[in-house]
> 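Submitted below is the structure of interest, expressed as structure tokens.
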Amino acid sequence: QEVRTCSMVLANPNATKKIRKLAKLKEFFKIINTTDDQREKQKDLEYVVRTMVHSAIDFKSGMDVQEFFDTGILQVITEEDYDEIINKVKWVIKLLYRLYGSKALRPHDEAYEGIAPRFSLRALECILVGIARNKDQIEDLENTEEFIRERIDMFWRQEEVAGLSTPGLRGTTRIQRTVPFGDEWFKPND
């Protein structure tokens, strides 16, 4: 994590400052449910980096997960419109927090059997990233909040969602399932 942060600062100090500010958003650390100890170890920053990279870049089969995030965040802050990506992620975080509070990325009581009632990377990659990837189309809907509520409610009720993250599942396999699933799931029907 420290190597990535150092590389980010060297590559783009301004973007790094904005990313750190995003990670410190009260709404963000409440929905990802980080402890003080995790924030001290920059877990919140890691989750923001994951979200930004997944929102902007597709994971390619055969890549190492850590390498994907390390090179991906550098690509985002040097080659992409990082302000647009940060604003997109912030919009989703604030929307989810407004709708669900600290339970935004946790399954509801009617979730499919076997889905643990806690924050998971599956939720971050499907819900947070899925909404971020589709922000512009979702924002254009007349009923943005209703659409999000309905899609999240139905998301947790599916057997397929339970299988997106199982014990022993490699991170590369999970990412190849969760991000495309969330991207498709939160795409408004035309």
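These numbers were taken from a predicted model, which means no experiment stands behind them. Note that the numbering runs from 1 along the sequence shown for the chain. Keep in mind that the numbers below use all heavy atoms, side chains included, and drop hydrogens, waters and symmetry copies.
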> Taking NZ in Lys21 as the centre, count heavy atoms belonging to other residues, nucleotides or ligands within less than 6.0 Å. Is the count above 12?
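No, NZ of Lys21 has 12 or fewer neighbouring heavy atoms, counting only those of other groups under 6.0 Å.
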> Check whether Arg177 reaches the backbone of Gly163 with its side chain - one donor and one acceptor, N or O, closer than 3.5 Å.
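Present.
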> With distance as the sole test, does Asn12 use its side chain to make a donor-acceptor pair with the main-chain N or O of Ile77 at under 3.5 Å?
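Yes: the side chain of Asn12 pairs with the backbone of Ile77.
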> Hey, what's the ring geometry for Phe68 with Phe59, parallel, tilted or perpendicular (30° and 60° as the breaks)?
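The arrangement is perpendicular - the two ring planes meet at more than 60°.
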> More than 12 non-hydrogen atoms from neighbouring residues, nucleotides or ligands closer than 6.0 Å to CD on Glu79, yes or no?
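Enclosed.
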> Any carboxylate oxygen within less than 4.0 angstrom of a Lys/Arg side-chain nitrogen, looking at Glu145 and Arg98?
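Between Arg98 and Glu145 there is a salt bridge, with a charged N closer than 4.0 Å to a carboxylate O.
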> Main chain of Leu169, side chain of Arg174: is a donor-acceptor contact present, judged purely on distance under 3.5 Å?
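Looks like no, no N/O pair under 3.5 Å.
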> Measure the shortest side-chain to side-chain distance between Tyr112 and Trp156 over non-hydrogen atoms and say whether it is less than 4.5 angstrom.
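They are not in side-chain contact.
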> Should Asp81 and Lys88 count as an ion pair when the cut-off is N to O under 4.0 Å?
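Looking at Asp81 and Lys88, the cut-off is not met.
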> Could you label the plane-to-plane angle of the Tyr47 and Phe119 rings as parallel, tilted or perpendicular, counting under 30° as parallel and over 60° as perpendicular?
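Ring orientation, 0 to 90° scale: perpendicular.
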> Only one of Asp183, Leu164, Val179 forms a side chain to side chain contact (heavy atoms under 4.5 Å, CB included) with Glu125, so which one is it?
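Of Asp183, Leu164, Val179, side chain to side chain contact (heavy atoms under 4.5 Å, CB included) with Glu125 is met by Val179 alone.
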> Regarding Arg149 and the six-membered ring of Tyr100, is the cationic atom NZ or CZ under 6.0 Å from the ring centre and inside 45° of its axis?
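Output yes; distance and angle both within limits.
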> Asn134 side chain to Gly130 main-chain N or O, any donor-acceptor pair under 3.5 Å?
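Between the backbone of Gly130 and the side chain of Asn134 there is a qualifying donor-acceptor contact (under 3.5 Å).
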